[in-house]
Amino acid sequence: MKSDNNTSRRAFIKKGAAAALSVSVLSSFDLKAFSNTTPMLPELNSIEGEFELPPLPYDYNALEPHIDTMTMMIHHDKHHATYVQKLNEAVAQVPGLKGRPLEELITNVSSLPETVRNAVRNHGGGHWNHSFFWNLMAPNATTKNASDKLSQAVKTGWKDMDSFKAEFNKAATGVFGSGWAWLVKDRQSGALSIVTTPNQDNPLMDISGQRGKPILGIDVWEHAYYLKYQNKRADYVAAFWNVVNWEQVSKWYEEA
Ligand code: MN3
């Protein structure tokens with residue numbers, strides 16, 4: 001009799017604790033910061049709760065000779081795939097996270113439960129950043145000029161396109177260790193700025209020192225260039241301009 005009571009009391013406490021945990025997770029996970037903006041990469045949303053590795057929008061050899069085939073294969077099929085897999089492992093650990101759109105998760109990093117915060121920051125950031133990166137590049141022949149609106153914004157910030165590129169190159173080569181350099185749009189004013197982030201952070205994240213909408217970015221982790229350029233990051237950054245998809249970058253600039 002006594003033992004039955006204890007068992008049911010324990011079961012009740014356990015159930016109550018689980019319910020309290022799930023309520024506190026949900027109520028602390030406030031997504032309002034992102035709710036009024038259009039997702040930049042809506043195709044990344046999970047399918048039945050699982051994020052999937054998107055295919056490259058072109059062949060592995062499409063960016064030759066500027067970015068080599070082997071680098072593209074390893075970068076997409078291994079590095080990017082691993083970010084997706086580890087992101088799925090992280091969101092599966094917390095009730096209420098699974099099925100959330102990727103941009104909601106990374107925009108609200110600081111509200112995420114502590115147990116998965118760093119994993120979502122690193123691997124969710126990695127998934128978003130690489131998907132963005134593949135889409136902002138295109139083979140030589142299809143690369144267009146920046147739109148009039150974007151060109152005007154660049155001129156307002158840096159006098160001309162060459163001055164902007166020089167400053168972006170300086171920022172990208174100056175990132176210490178692994179990280180990214182970005183061209184970021186202020187969503188209110190439309191003004192542009194160059195931002196760098198460590199690791200897989202990006203300017204969408206609420207933990208980022210300088211926030212805004214990234215419209216261009218370059219991965220300066222060694223895995224992005226070492227096979228072809230070895231220690232010569234500046235050569236890789238210079239070659240990157242040959243494969244920038246200005247049509248897509250301009251579209252991101254002009255959208256809200
Ligand atoms: Mn990378």
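No experiment lies behind these values; they were computed from the predicted model shown. Numbering of ligands and ligand atoms starts at 1, following listing order.
Separating the OG1 atom in Thr69 from the OH atom in Tyr60 is a distance of 10.5 Å, to the nearest 0.5 Å.
Listed by chain and number, the protein N, O or S atoms at a distance under 2.8 Å from the Mn ion (ligand 1) are His75 NE2, His130 NE2, Asp219 OD2, His223 NE2.
The number of heavy atoms from other shown groups lying within 6.0 Å of CG (Asn145) does not exceed 12. Within 6.0 Å of the NZ atom in Lys228, the count of heavy atoms belonging to other residues, nucleotides or ligands exceeds 12.
You'll find the ring centres of Phe168 and Trp241 inside the 6.0 Å limit. Ring to ring, Trp221 and His75 are not that close: their centroids are 6.0 angstrom or more apart. In this structure, Tyr83 has its ring center under 6.0 Å from that of His130.
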